[in-house]
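See below for the structure under consideration.
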Protein chains: 2
Amino acid sequence: MSPRPVDPNLRPQLIDAAAKLLGEEGPAALSTRKLAAMVGTSTTAVYTYFGGMDDLVRAMVHEGFRLLGDRMGAVEESDDPVADVLALGWAYRDNAREHWHLYNVMFGGSGLSGFSLTDADRQHGRYTLDILVGAVKRCAATGRFRPFDPELVAHQLWIALHGLVTLDLGGYLVEPNTADVCFEAQVSGMILGAGDDPQRAQESLARAAQRRLRTQ
Amino acid sequence: MSPRPVDPNLRPQLIDAAAKLLGEEGPAALSTRKLAAMVGTSTTAVYTYFGGMDDLVRAMVHEGFRLLGDRMGAVEESDDPVADVLALGWAYRDNAREHWHLYNVMFGGSGLSGFSLTDADRQHGRYTLDILVGAVKRCAATGRFRPFDPELVAHQLWIALHGLVTLDLGGYLVEPNTADVCFEAQVSGMILGAGDDPQRAQESLARAAQRRLRTQ
DNA sequence: ATCGTTACGTAACGCTGTCACGTAATAGCG
DNA sequence: CGCTATTACGTGACAGCGTTACGTAACGAT
């Protein structure tokens, strides 16, 4: 009943090769033939392990979401929830910078030509938001933020982070308003807008900066 | 000395056809053959009027920047500069929604596969920012905003607008935190953060909303 | 040992961007 | 008016793309 078994290494190998190709030679270089050559099979492997090129890209995007989720999940919950929010912001930004080619496909409307995400794919992206919502809720619970719609506050943070990251990746943020400058202005502005005390916000910013140095 | 003259209509026709094709059939449908068929020439026209497919896309992107600039330039300077800023925000968002396929290519990192913007292209994009900077400066000049770095404030507004627009286009903003809800929260938050009086900010918001209804 | 099932290499199809080549059309000049 | 230089552009080719039909080889179950 059972035929030749699938090589369990081939699937991740193809995904890795695709990510590597995307990162090193750009989206135009992503082709079944190049991938097959890299992992030492033929182009049909893409069709047995995935439905086609689109599904391989989709799997790669899922991997990208997993990387982002891991990065943000690794941010520990401290007794300073505002510093946690800031640390999450940096985690988001650092991940996007590190895997910028993936980030573009994950969130860049068209991404590769002809490829588009489904609603199911987007659910993976929204997991990012859940982590942020939790941190914002803890800010509200400890009285640092006004108890006003944590979901909306998290959305605003996400929008600001995403806008910053994409304009940065697009090369639009140059001296003197670099991504770092804008990041700090944007995030601290939102925190003060959410109701935090300026003095304590400043302390949390410093704490988050120290945590970032420690973990990288 | 002079050969057969170039048909002056063919160039804009090709750009329009490309925009139409991009909007109606997606980025994958953009091909020299389809374009040639649409305007009634052969594929070589793309090479005589542009350097190739890339340059045609580039011309289309420039057209997109022009549309955005026109839309924002059409926002009149009133004696309520904060309302002007809000109106500019809506103009940005409305344009992006109307020409979303173009917007994705203009600001979406990879956009079409293999195509990438040059620094010269980005300068067109930054013109958008100049208009915003002017409005923010007028807010500061009239005492509505604190006189603190209008360029940075404009950057923050741009980042928020761009983040909102791209997440919206990507389908990430759903009930109850729709793009409209987030837009208002984001923009009013920034205005208050810039130092405006809450009461006057509310009035400006209402005024900008009325102006928007009037002009569309 | 045989058979059913499945992976996968080969080769093809239609599509793409790009370019060499030949032809047709035009403006300037005598 | 006629000639010629110059250029647009249609035709056809090329390499490379995603995808698939087909044949073969490898395996588990019986």
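Sequence lines set the chain letters: A, B, ... in the order given, protein chains first and strands last, and positions in each chain run from 1.
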Side-chain donor-acceptor contact under 3.5 Å, B/Tyr92 with B/Trp158
yes
Take the protein atom CG of A/Leu14 and the nucleotide atom P of C/dA7, then report the distance between them rounded to whole Å.
14 Å
Between B/Tyr47 and A/Gly40, the residue closer to the 5' end of DNA chain C by nearest nucleotide is A/Gly40
Would you say that more than 12 heavy atoms from the other residues, nucleotides or ligands in this model lie under 6.0 Å from the CZ of A/Arg97, or not?
no
Please pick, from C/dT10, D/dC9, D/dG12, the nucleotide with the shortest atom-to-atom distance to any side-chain atom of A/Ser42.
C/dT10
Of C/dT16, C/dC19, C/dG9, the nucleotide closest to the side chain of B/Thr44 is C/dC19
d(CG, A/Asp54; C1', D/dC17) in whole Å:
14 Å
Report the C-alpha distance between A/Phe107 and A/Phe65 in whole Å, list the side-chain angles of each, state the deciding distance to 0.1 Å, and finish with yes or no for ring-ring contact (aromatic ring centres under 6.0 Å, His included).
CA-CA 10 Å; A/Phe107 292 105; A/Phe65 281 133; 5.7 Å; yes
Mind calculating the distance between CG (B/Leu56) and P (C/dT18) to the nearest angstrom?
10 Å
Return yes when atom CD of A/Glu76 has more than 12 non-hydrogen atoms of other residues, nucleotides or ligands closer than 6.0 Å, and no otherwise.
no
Classify the side chain of B/Arg33 and the base of C/dG17 as holding, or not holding, a donor-acceptor pair under 3.5 Å.
yes
Presence of B/Thr48 side-chain N/O under 4.0 Å of D/dA8 phosphate oxygens OP1/OP2
no
Specify the separation, in whole Å, of atom CG of B/Asp7 and atom P of D/dA8.
12 Å
Separation of B/Phe50 atom CZ from C/dT18 atom P, in whole Å?
13 Å
For B/Ser31 and C/dT16, is the shortest distance between a side-chain N/O and OP1 or OP2 below 4.0 Å?
yes
Check this one for me: any side-chain N or O of B/Tyr49 less than 4.0 Å away from OP1 or OP2 of D/dC9?
yes
OP1 or OP2 of C/dG17 sitting under 4.0 Å from any side-chain N/O of B/Thr32?
yes
Considering just the side-chain nitrogens and oxygens of B/Lys34, establish if one lies under 4.0 Å of OP1 or OP2 belonging to C/dC15.
no
